[in-house]
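Letters go in sequence order (proteins before strands), and every chain restarts at 1.
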Number of protein chains: 2
Amino acid sequence: MSDLLERLRGRGWRLTAQRRVVAEVLDGDHVHYTADEVHARAADLLPEISRATVYNTLGELVSLGEIMEVSTDGRAKRYDPNAHHAHQHLVCSQCGTIRDVHPSGDLLAELPPEERFGFQVAAVEVTYRGLCPNCAAG
Amino acid sequence: MSDLLERLRGRGWRLTAQRRVVAEVLDGDHVHYTADEVHARAADLLPEISRATVYNTLGELVSLGEIMEVSTDGRAKRYDPNAHHAHQHLVCSQCGTIRDVHPSGDLLAELPPEERFGFQVAAVEVTYRGLCPNCAAG
DNA sequence: TCCTACATTGGACTTTGTCTAAGTCAAGAA
DNA sequence: TTCTTGACTTAGACAAAGTCCAATGTAGGA
């Protein structure tokens, strides 16, 4: 993740303590925190960090393409640091657990031209839903 | 959509004026209103209808499987009356326009067993994103 | 070291949605 | 037809998630 900080510095980012702790919280490939969770964890490292800064920083990281915004439940958005490897999400309909998954095939290609209505289709987001082993057993 | 009202009555629904106008607003296959939009349009027909009733009615219609809840932008949920025909969505990343689309192939089958992590996968939601002809031209 | 443009802060505000207590009414019973 | 009753609706308070702003602080170049 220090790679990340270097990349961002290269793009003219000021390296503040706040941005560092947000980046640190998002370190790890299989993490899908809400903004509030990021804030809580960041505050463990830097107690005076404000919610507004966390939102700002997350927004900047998203528009720089360093993290992905995921909304799997229509409530709080979640942030996925695994933005450099294309992947989709598998969500437990009961407990909400999220896993990164890699479908086979080219999902974009499955939208035939006559179903594109003149759109320049650029991306596809897929969410699989089902019961995780834990909830299925319960 | 009067079919809908009959079906619901058959399931023990009380047929109130409020439920009738909500159903009427949702009539049409290619409509994707937010709850607030549904409320505004319903209020044109029945001025004293309350927000709570619209939310209640939409929630009931969703759990009866008569309409679909769609969240394409992490903000307000939208309601899609076209719930009886499997389909996915194509969203303009600029203006937010939504179209129903029908991808080819079996999208569920594209998640290989080794990528299911023991989940009982039941459904898949797909959102294609791109520029609509209007925004691409502008 | 100093400057200053950029970053952060806290709190007010907005949007979207939920909950509740009190009043209303659809539809079956008589 | 009128009565009855439990389901439905209402207004407004409340909650969660996110945005905005003016005042203050500071990273990093000169």
Side-chain angles (χ1 to χ4, degrees), chain A residues 2 5-25 32-43 45-64 66-80 96, chain B residues 2 5-25 32-43 45-64 66-80 96:
Chain A
S2 57
L5 292 176
E6 279 316 306
R7 270 204 303 284
L8 294 174
R9 171 129 67 171
R11 299 208 218 176
W13 247 39
R14 268 202 206 166
L15 267 217
T16 66
Q18 290 83 349
R19 285 171 170 181
R20 252 188 290 261
V21 300
V22 170
E24 189 171 338
V25 166
H32 301 91
Y33 294 143
T34 63
D36 250 26
E37 286 164 355
V38 172
H39 178 240
R41 282 161 210 268
L45 304 171
L46 184 69
E48 69 277 21
I49 193 170
S50 80
R51 288 185 342 109
T53 296
V54 171
Y55 277 103
N56 287 343
T57 306
L58 290 172
E60 287 156 5
L61 288 171
V62 168
S63 53
L64 291 172
E66 295 289 346
I67 64 179
M68 270 174 55
E69 211 172 57
V70 180
S71 36
T72 54
D73 65 346
R75 302 184 62 84
K77 291 174 198 160
R78 291 178 175 275
Y79 294 89
D80 185 338
Chain B
S2 57
L5 292 176
E6 279 317 307
R7 272 204 302 284
L8 295 174
R9 170 130 65 170
R11 300 206 218 178
W13 248 39
R14 266 204 206 165
L15 230 351
T16 65
Q18 290 82 350
R19 286 170 170 180
R20 252 188 289 264
V21 300
V22 169
E24 190 172 337
V25 166
H32 301 90
Y33 294 142
T34 63
D36 249 26
E37 285 164 355
V38 172
H39 178 240
R41 282 161 210 267
L45 305 170
L46 184 70
E48 68 277 21
I49 193 170
S50 80
R51 288 186 341 114
T53 295
V54 171
Y55 277 103
N56 287 343
T57 305
L58 290 172
E60 288 156 5
L61 289 170
V62 168
S63 53
L64 291 172
E66 295 290 347
I67 64 177
M68 269 175 57
E69 212 172 58
V70 180
S71 37
T72 54
D73 64 348
R75 302 182 62 84
K77 291 174 195 157
R78 292 176 175 274
Y79 294 89
D80 185 337

Show each protein N/O and nucleotides 26-30 of chain C N/O combination with a separation under 3.5 Å, one pair to a line.
unit_1: C/dA27; atom_1: OP1; unit_2: B/L15; atom_2: N; d: 3.1

Check: Who passes salt bridge (charged side-chain N to carboxylate O under 4.0 Å, His left out) against B/R9, sequence neighbours left out?
Finding: B/E6
Note to self: Which residues pass the side chain to side chain contact (heavy atoms under 4.5 Å, CB included) test with B/A35, not counting sequence neighbours?
What the structure shows: B/Y55, B/L58, B/Y79
Notebook entry, point to check: For B/S50, which residues count as a side chain to side chain contact (heavy atoms under 4.5 Å, CB included) partner, sequence neighbours excluded?
Noted result: B/A52, B/T53
Check: Checking A/R51 side chain against A/H39 main chain: does a donor-acceptor pair fall under 3.5 Å?
Finding: no
Value in whole Å for how far the [atom2] atom of [N] lies from [atom1] of [X]:
{"X": "B/E37", "N": "C/dT15", "atom1": "CD", "atom2": "P", "value": "14 Å"}
{"X": "B/L61", "N": "D/dC8", "atom1": "CG", "atom2": "P", "value": "12 Å"}
{"X": "B/E48", "N": "C/dC25", "atom1": "CD", "atom2": "C1'", "value": "13 Å"}
{"X": "B/D73", "N": "C/dT15", "atom1": "CG", "atom2": "P", "value": "14 Å"}
{"X": "B/L58", "N": "C/dT18", "atom1": "CG", "atom2": "P", "value": "10 Å"}
{"X": "B/L46", "N": "D/dC8", "atom1": "CG", "atom2": "P", "value": "16 Å"}
{"X": "A/R11", "N": "C/dA7", "atom1": "CZ", "atom2": "C1'", "value": "18 Å"}
{"X": "A/Q18", "N": "D/dT26", "atom1": "CD", "atom2": "P", "value": "9 Å"}

Note to self: Could you go through A/Y33 and A/R78, starting from their C-alpha distance and side-chain angles, then the distance that decides it, and tell me whether this counts as side-chain hydrogen bond (donor to acceptor under 3.5 Å, both in side chains)?
What the structure shows: CA-CA 5 Å; A/Y33 294 143; A/R78 291 178 175 275; over 6 Å; no
Next item on the list: Sequence neighbours left out, what passes ring pair (Phe, Tyr, Trp, His ring centres under 6.0 Å) with B/H32? Give chain and number order.
Entry: B/H89
Next item on the list: Please examine the side chains of A/E24 and A/R41, heavy atoms only from C-beta on, and report whether any two atoms are closer than 4.5 Å.
Entry: no
Notebook entry, point to check: Do A/R11 and A/E66 sit within salt-bridge range, that is, some charged N less than 4.0 Å from a carboxylate O?
Noted result: yes
Notebook entry, point to check: Along nucleotides 15-21 of chain D, 5' to 3', which nucleotides get a B, which get an S, and which get a -, given that the test is a protein heavy-atom distance under 4.0 Å?
Noted result: -SSBBB-
Notebook entry, point to check: Hey, does the side chain of A/S50 come within less than 4.0 Å of C/dG10's phosphate (OP1/OP2), counting only N and O?
Noted result: no
Check: Could you state the interatomic distance from CG (B/L45) to CD (B/Q18), rounded to the nearest 0.5 Å?
Finding: 12.0 Å
